[in-house]
Amino acid sequence: MADKVLTVCPYCGSGCQLHLLVEKGQVIGAEPAGGRTNEGTLCLKGHYGWDFLNDPQILTARLRKPMIRKNGVMEEVEWKEAIQYTAERLSAIKEKYGPDSIMGTGSARGPGNEANYVMQKFMRAVIGTNNIDHCARVCHGPSVAGLTYSLGDGAMSNSIPEIEHSDLIFVFGYNAPETHPIVARRIVAAKQRGAKIIVCDPRMTETARISNMWLPLKGGSNMALVNAFGHVLVHEGLYDKRYVEENTEGFAEYVDSIKKYTPEYAEGITGVKAADIRAAMREYAKAPTATILYGMGVCQFSQAVDVVKGLASLALLTGNLGKPNVGIGPVRGQNNVQGSCDMGALPNVYPGYQDVTDNTARKKFEKAWGVELPRKKGYPLTEVPHLILKENKLKAYYIFGEDPVQSDPNAAELREALDQLEFVVVQDIFMNKTALHADVILPSTAWGEHDGVYSSADRGFQRIRKAVEPQGDVKPDWAIISEVATAMGYPMSYANTEEIWDEMRSLSPLFSGASYQKMENQGGVQWPCPTEDHLGTPYLYKGNQFSTPSGKGRLFACEWRPPQEQPDAKYPLVLSTVREVGHYSVRTMTGNCRALRQLSDEPGFIQISPEDGADLNILDGEIVAISSRRGRIMARAQISDRVQQGATYMTYHWWVGACNELTADFLDPVSKTPELKYCAIRLERIADQAQAERDVHESYQRIRRQMNVQEAVLADKVTR
């Protein structure tokens, strides 16, 4: 009989608990556990996403040995040499160019909170810079900035289980069935209880299909629509006047900013009928409890922070904060993107969201870590290409658990930037596109092979547990970073992850009471949890006490700005990146799971409308060429009546159909998050489909050869 190991799913931010089934030292299956957010259910990835631990080598093989680039070729070496070489190169670059010439990342995926704490400590205490960031920058960075401004905390205000008890769920730019299937179950349960669902999305998503009202806005018009919502609430007297007077600030300025955004004016920008704008807000305002949920359709625009503030203002205007079953929820995409932020893997805050420019906070960390710390904020990772190619400021990059060549915009520019650096370190579990540019590769343990803590999207700390022994010469991420630090002259040694966790919470008032033991006893702990006798906080702002400087919520509206790249005669269509239910992030994990791999494969799909398909004489399933001002790729056409004419959609999981070869790196001015949801493209039919299929196959094989995947091994594994 198989052993059962309780842990937390390594995929989306829902934080589902599951049991890994282990037999003879190998994971053979997964079963749902009774976690707070999933209550005995799992999605496809939860059920079948463990198989990468067995290294089936469908895409690429697990990294098993440290490697150093010698004479242009990666060669396996022993750990002592890899650690010493990494330490010496980083030390030399720091000495020659200064600590701010080095950039580092955290990882929002498998390593856990403890490894992220150690990494940000390494960058600050050992390197001497605040140049630490992670992939929240390309997803929910606007949530942190926008919600912190409006409410005081950059996280979900309420808990995932509360969603199904809300009377109205207002979904903006978010499709839970694809990104968070367990959250989708909560939305369906709410509907079954009688809740109304309102969806704002350009596509007819699965959520829109079950909604009471779908508002199909034009891509890039979010701010205009949110302003119009505020206009209706104010000018129809639907807002909670007493709540606004007692608990908010900036009302007069807000009213002035939304004055011209009548529903009729907004209709001309958004394409949403004025009557529907009014109807949506009348329903939202009269609901006894209402919850806003949003995702990348809000965050991945160059005006994202403004829109987040605007959505928070809708909750403030109607008093939908500070009590159960209400609020605003940025549903975090990756499993630990919330946790990486919690741990200070950001250029402007220490663990627990303590500002690096705050003297009191800095002195506390200086005392604990025994060194003088940098005083200015660090660089965001989305500015890395510019800092290398245009300003010549960065010379080394320590990339920990990220694959920016696959996941970040304008991939060609990023490759050029990596190749211009003097030193690139990649620390990961699989070979990936970014690792092709590395000077050193440090192989780490994966989820299921180490202990730690994840933070779910609703601020819930939960334990992850080691289920199997890792194969090969690999180490836990926190141990690797500690060894590099020690080799650089800053002794860093921990016995286990609990020791790291206890150091972190001793420095972070928000998390002080969230001990391993409390997580064990309760199954998880939602922060804030300031003391040992505190049980955690299911919802924020109780008593309408906001975490802003004044203690009041800040209302905000501003002028709508169109996306920074517009279609024209040469590039007449608009591309938006999206996700799909069976794959995750850069696909190195799910792509190496045999069951999930059957769902879809290279070169990926581009969704287009029937009208555009007919105009271009493109049939469903055909290989097409897609180009932008930055690159050209191929993908398979998917004709869909869910898509409006002129719009197209692609997932970023694929190697051949890598849509980030096309996307633009225009950034939100506050969060520095790229506009991945809007760029201009051209779509072309390929006459010779047989040759196109051969080209796709050859491109795929070429990339796999670069990743050192052997055909014979792959064929054997797939057959079995």
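- With sequence neighbours left out, the side chain to side chain contact (heavy atoms under 4.5 Å, CB included) criterion links Glu499 to Tyr494, Ala495, Asn496.
- Here the side chain of Asn660 pairs no donor or acceptor atom with the backbone of Thr663 at under 3.5 angstrom.
- The closest donor-acceptor contact from the side chain of Lys518 to the backbone of Gly513 lies under 3.5 Å.
- Of the possible donor and acceptor atoms, one in the side chain of Asn130 sits under 3.5 Å from a partner among the backbone N and O of Lys376.
- Taking the centre of each ring, Tyr353 and Trp527 come in below the 6.0 Å mark.
- Looking at Asp502 and Glu498, their side chains come closer than 4.5 Å, going by heavy atoms from C-beta outward.
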Review point. Between Ser455 and Asp342, is a side chain to side chain donor-acceptor pair (under 3.5 Å) present by the stated rule, with each step listed?
Key: CA-CA 8 Å; Ser455 301; Asp342 294 345; 2.8 Å; yes
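- One finds the CD1 atom of Ile429 at 9.5 Å from the CZ atom of Arg64 (value rounded to the nearest 0.5 Å).
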Exercise for review: Starting from the C-alpha separation in whole Å, work towards a yes-or-no answer on salt bridge (Lys or Arg N to Asp or Glu O under 4.0 Å) for Arg459 and Asp153.
Suggested key: CA-CA 11 Å; Arg459 300 169 284 103; Asp153 293 288; over 6 Å; no
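- Between the Thr105 side chain and the His134 main chain, no donor and acceptor come within less than 3.5 Å of each other.
- Of all heavy-atom pairs between Val453 and Glu114, the closest is N-OE1, 3.1 Å.
- For Glu391, the CD atom is densely surrounded, since the number of other residues' heavy atoms within 6.0 Å is greater than 12.
- Cation-pi contact between Arg463 and Tyr516: present, with separation from the ring centre below 6.0 Å and deviation from the ring axis of at most 45°.
- With contacts defined as side-chain heavy-atom distances shorter than 4.5 Å, the pair Arg89/Glu422 qualifies.
- The closest donor-acceptor contact from the side chain of His180 to the backbone of Arg332 lies under 3.5 Å.
- Note that the OH atom of Tyr454 and the CG atom of Asn335 stand 4.5 Å from one another [nearest 0.5 Å].
- Panel note: side chain Thr537, backbone Leu540; no donor-acceptor pair is recorded below 3.5 Å.
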Review point. What's the verdict on salt bridge (Lys or Arg N to Asp or Glu O under 4.0 Å) for Asp428 and Arg109, showing C-alpha distance, side-chain angles and the deciding distance?
Key: CA-CA 10 Å; Asp428 219 311; Arg109 294 190 277 167; 3.7 Å; yes
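- Checking side-chain atoms of His583 against main-chain N and O of His653 turns up no donor-acceptor pair under 3.5 Å.
- None of Phe461, Trp478, Tyr117 except one satisfies the ring pair (Phe, Tyr, Trp, His ring centres under 6.0 Å) rule with Trp501; the exception is Phe461.
- A distance-only check finds a donor-acceptor pair linking the side chain of Trp447 to the backbone of Val8 [under 3.5 Å].
- Between the side chains of Thr129 and Asp100, at least one donor N or O sits under 3.5 Å from an acceptor N or O.
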Exercise for review: May I have the step-by-step check of salt bridge (Lys or Arg N to Asp or Glu O under 4.0 Å) for Arg62 and Glu449, ending in yes or no?
Suggested key: CA-CA 13 Å; Arg62 283 284 302 273; Glu449 298 171 348; 3.0 Å; yes
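- Side-chain polar atoms of Tyr294 and Ser143 form a donor-acceptor pair below 3.5 angstrom.
- No donor-acceptor distance shorter than 3.5 angstrom exists from the side chain of Asp458 to the backbone of Asn158, with no hydrogens or angles considered.
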Review point. Yes or no on salt bridge (Lys or Arg N to Asp or Glu O under 4.0 Å) for Arg505 and Glu532, after CA distance, side-chain angles and deciding distance?
Key: CA-CA 11 Å; Arg505 65 190 183 98; Glu532 294 289 347; 3.0 Å; yes
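- With Gln522 contributing its side chain and Leu535 its backbone, the two residues share a donor-acceptor pair below 3.5 Å.
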